Amino acid sequence: MRIDKFLKVARILKRRTVAQEACSEEKVLINGKTSKPSTAVKIGDEVEILYASGTLKFRVLNIKETVKKEEASSLYEVIV
């Protein structure tokens, strides 16, 4: 699955266009490397999002095309 779509489905970023912009501005890292919006994400990948106020780092646990709001957090685990 594309990283921009995963970020939207997992509800880490609200809209896919926001996720695409973040990737284009090199604010999304997958396993330590900058990613494009079309970069494929796999189970076990470590993703880091660089915000102005800090960073969010998480590991991909599952990939699904659609999930309910309550199940979105089961797709990833936050790494401290």
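All values reported here derive from a predicted model rather than from experimental measurement.
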Residue pair [X] / [Y], side-chain heavy-atom distance below 4.5 Å:
| X | Y | result |
| --- | --- | --- |
| Glu21 | Lys27 | no |
| Val47 | Phe6 | no |
| Tyr76 | Val60 | no |
| Val9 | Leu75 | yes |
| Cys23 | Ile3 | yes |
| Ile43 | Leu61 | no |
| Lys8 | Arg15 | no |
| Arg2 | Gln20 | yes |

Value rounded to 0.5 Å, distance of CG in Leu50 from CD in Glu25: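 These two atoms lie 11.0 Å from each other.
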Nearest-0.5 Å distance, NZ of residue Lys33 to CD of residue Glu48: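 Reported value, rounded in 0.5 Å steps: 15.0 Å.
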Expected output: side-chain Ser35 to main-chain Val28 donor-acceptor under 3.5 Å: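 Side chain of Ser35 to backbone of Val28: a pair is present.
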Met1 and Glu65: CA distance, side-chain angles, deciding distance, side chain to side chain contact (heavy atoms under 4.5 Å, CB included) verdict: CA-CA 8 Å; Met1 176 182 286; Glu65 291 294 319; 3.6 Å; yes
For Tyr51 against Leu56, the heavy-atom pair lying closest together: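 Heavy atoms only, the tightest pair is CE1-CB, 3.8 Å.
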Distance-minimising heavy-atom pair for Asp4 and Pro37: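 Looking at all heavy atoms of both residues, the shortest contact is OD1-O, 3.0 Å.
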Is there a chain of hydrophobic side chains (I, L, V, M, F, W, Y, each step under 4.5 Å between heavy atoms) that links [X] to [Y]?
| X | Y | answer |
| --- | --- | --- |
| Leu7 | Val67 | yes |
| Ile12 | Ile63 | yes |
| Ile49 | Val41 | yes |

Pairing residues for Lys57 by the salt bridge (charged side-chain N to carboxylate O under 4.0 Å, His left out) criterion, not counting sequence neighbours: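 By the salt bridge (charged side-chain N to carboxylate O under 4.0 Å, His left out) rule, Lys57 matches Glu46.
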